[in-house]
Amino acid sequence: MTDQARTLEAKDKQEVGSPVEQTRAGLTFTPAVDIFETDEAITLMADMPGVKAEDLDIDLRRDTLTLTGETKTLEGPDEAPVLREFRTGRYVRQFALSDVIDQSRIEAEMSDGVLKLVLPKAQKAVPRKISVKAG
Amino acid sequence: MAILRTPVWQAINWPGFSELERMRSDLDKLFRGLAEGVLTEPGAGVFPLTNVTEDKENYYVRAELPGIKAEDLDISVTGDGLSISGERKIAPAGQGARYHRKEREAGTFSRKITLPGQIDVEKAEASCSNGILTVLLPKAEATKPKQISVKTAD
């Protein structure tokens with residue numbers, strides 16, 4: 001990609017105005033995601049810095065996919081802030097999936113704070129080429 | 001002469017005023033936050049967003065760098081600050097992929113952070129875990145707070 005070497009700009013973390021009322025204390029953020037689709041699968045990449053693999057919850061019910069990532073406080077108890085540009089908290093995001101997903105083959109991988117979720121489409125949702133016969 | 005002792009809006013039961021009241025308390029909260037003396041967001045506007053904390057012994061610099069491997073980072077420390085630079089790479093989706101959403105960004109970055117005191121350059125340590133960079137910068141002896149015992153004059 002040609003735009004790979006451009007300079008990154010700082011973006012504030014997106015705090016959630018959650019559709020669901022939060023019943024737990026703490027902040028909730030929206031992770032930035034990339035979603036791309038091939039004929040066989042939908043791949044979702046989400047930036048969730050500070051979330052360990054075991055603290056991530058992926059829930060797929062009907063057509064709604066919910067990602068929840070819990071983080072722990074980074075700072076020790078005796079540390080006093082000098083400069084604060086970002087805050088930490090839970091990550092939550094929901095997606096509506098239009099295609100039929102083969103739930104048995106979903107793969108999730110967490111590395112360096114990035115989630116890669118591969119949602120393979122069920123066989124009936126994989127498009128077939130239909131050849132049109134000339135009459 | 002009749003002087004109204006209670007503000008007029010309390011006497012009028014109009015729902016619009018509670019909205020104004022809410023706005024006022026939001027503004028109060030904002031100003032209270034500024035008065036705390038801590039720089040809150042938005043910060044310097046330079047990637048990556050950074051938090052700096054201190055305790056008696058060390059400064060801690062933390063930044064969220066998801067998807068960046070330790071080897072793609074270049075960190076250098078000077079007497080009173082550090083610079084972090086590197087590149088965030090995002091592997092292209094490949095042939096035939098169609099994007100529904102593209103919010104994550106790739107690119108290079110470079111940032112310099114100046115600390116309020118001198119640091120011990122030799123003992124600085126950096127670690128990356130789960131997409132969070134933590135740089136531990138021990139304070140130089142001269143910067144550390146010292147306990148001074150007060151002698152009582154006999």
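Order of the sequence lines sets the chain letters (A, B, ...), proteins ahead of strands, with each chain counted from 1. All of these numbers come straight from a predicted model, not from anything done at the bench.
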Stepwise, does the side-chain contact (heavy atoms from CB on, under 4.5 Å) test hold for Arg104(B) with Val114(A)? CA-CA 10 Å; Arg104(B) 301 164 68 236; Val114(A) 179; 3.4 Å; yes
Show your working on salt bridge (Lys or Arg N to Asp or Glu O under 4.0 Å) between Asp34(A) and Arg101(B) and close with a plain yes or no. CA-CA 5 Å; Asp34(A) 284 355; Arg101(B) 244 164 219 287; over 6 Å; no
Treating Ile, Leu, Val, Met, Phe, Trp and Tyr as nodes and any side-chain heavy-atom pair under 4.5 angstrom as an edge, say whether Phe95(A) and Val118(A) lie in one connected cluster. no
Quick one, Glu75(A) and Tyr60(B) - any side-chain contact, counting heavy atoms below 4.5 Å? no
Determine the option with the most heavy-atom pairs under 4.5 angstrom with chain B, choosing from Gly50(A), Ala80(A), Gly113(A). Ala80(A)
In Å and rounded to the nearest 0.5 Å, what is the CG to OH distance from Leu83(A) to Tyr59(B)? 12.5 Å
So which of Arg62(B), His100(B), Glu105(B) has the largest heavy-atom pair count under 4.5 angstrom toward chain A? Arg62(B)
Below 4.5 Å, heavy-atom pairs only: which of Ile68(B), Thr50(B), Val61(B), Asp55(B) has the largest tally toward chain A? Thr50(B)
Just checking Lys112(B): does its NZ atom have more than 12 heavy atoms from other residues, nucleotides or ligands closer to it than 6.0 angstrom? yes
Counting only N and O atoms by type, is there a donor-acceptor contact under 3.5 Å from the side chain of Arg98(B) to the main-chain atoms of Phe36(A)? no
Membership question, hydrophobic clusters at under 4.5 Å side-chain separation (ILVMFWY): are Leu136(B) and Leu133(B) in the same one? no
Tell me, side chain or backbone of Val51(A) under 4.5 Å from chain B's heavy atoms, or both, or neither? backbone
Tell me which of these, Met110(A), Met48(A), Arg93(A), has more heavy-atom pairs under 4.5 Å with chain B than the rest. Arg93(A)
Nearest atoms (heavy-atom pairs only) where Lys69(B) meets Asp112(A): NZ-OD2, 2.6 Å
Portion of Met45(A) that has a non-hydrogen atom of chain B nearer than 4.5 angstrom: both
Single-linkage hydrophobic cluster Val82(A)~Leu82(B), side-chain heavy atoms < 4.5 angstrom: yes
Co-membership, hydrophobic cluster, residues Leu65(B) and Ile75(B), 4.5 Å side-chain: yes
Heavy-atom contact with chain A under 4.5 Å, split by part of Ala63(B): backbone
Which bit of Glu9(A) comes within less than 4.5 Å of chain B, counting heavy atoms only: side chain, backbone, both or neither? backbone
Determine the minimum heavy-atom distance between Pro49(A) and Glu64(B), stating which atoms define it. CG-CD, 3.7 Å
Taking side chain as everything from C-beta outward and backbone as N, CA, C, O, which of these in Pro116(B) sits under 4.5 Å from a heavy atom of chain A? Side chain, backbone, both or neither. side chain
Tell me, side chain or backbone of Thr88(A) under 4.5 Å from chain B's heavy atoms, or both, or neither? side chain
Could you check if a side-chain atom of Glu54(B) sits within less than 4.5 angstrom of a side-chain atom of Glu79(A), using non-hydrogen atoms only? no
Heavy-atom closest contact (Glu85(A) atom, Pro48(B) atom, distance): OE1-O, 4.1 Å
Intermediate values then yes/no, side-chain contact (heavy atoms from CB on, under 4.5 Å), Leu74(A) and Ile132(B): CA-CA 9 Å; Leu74(A) 302 170; Ile132(B) 292 182; 3.6 Å; yes
Please rank Thr71(A), Leu44(A), Thr7(A), Thr38(A) by heavy-atom pairs under 4.5 Å with chain B and give me the top one. Thr7(A)
Lys56(B) vs Asp78(A) side-chain heavy atoms within contact, under 4.5 Å: no
Between Thr30(A), Asp47(A), Val33(A), which is the residue that forms a side-chain contact (heavy atoms from CB on, under 4.5 Å) with Glu103(B)? Val33(A)
Surrounding CD of Glu122(B) (heavy atoms of other residues, nucleotides or ligands, distance under 6.0 Å), is the total greater than 12? no
Looking at side-chain heavy atoms only, is the closest gap between Leu8(A) and Arg88(B) below 4.5 Å? yes
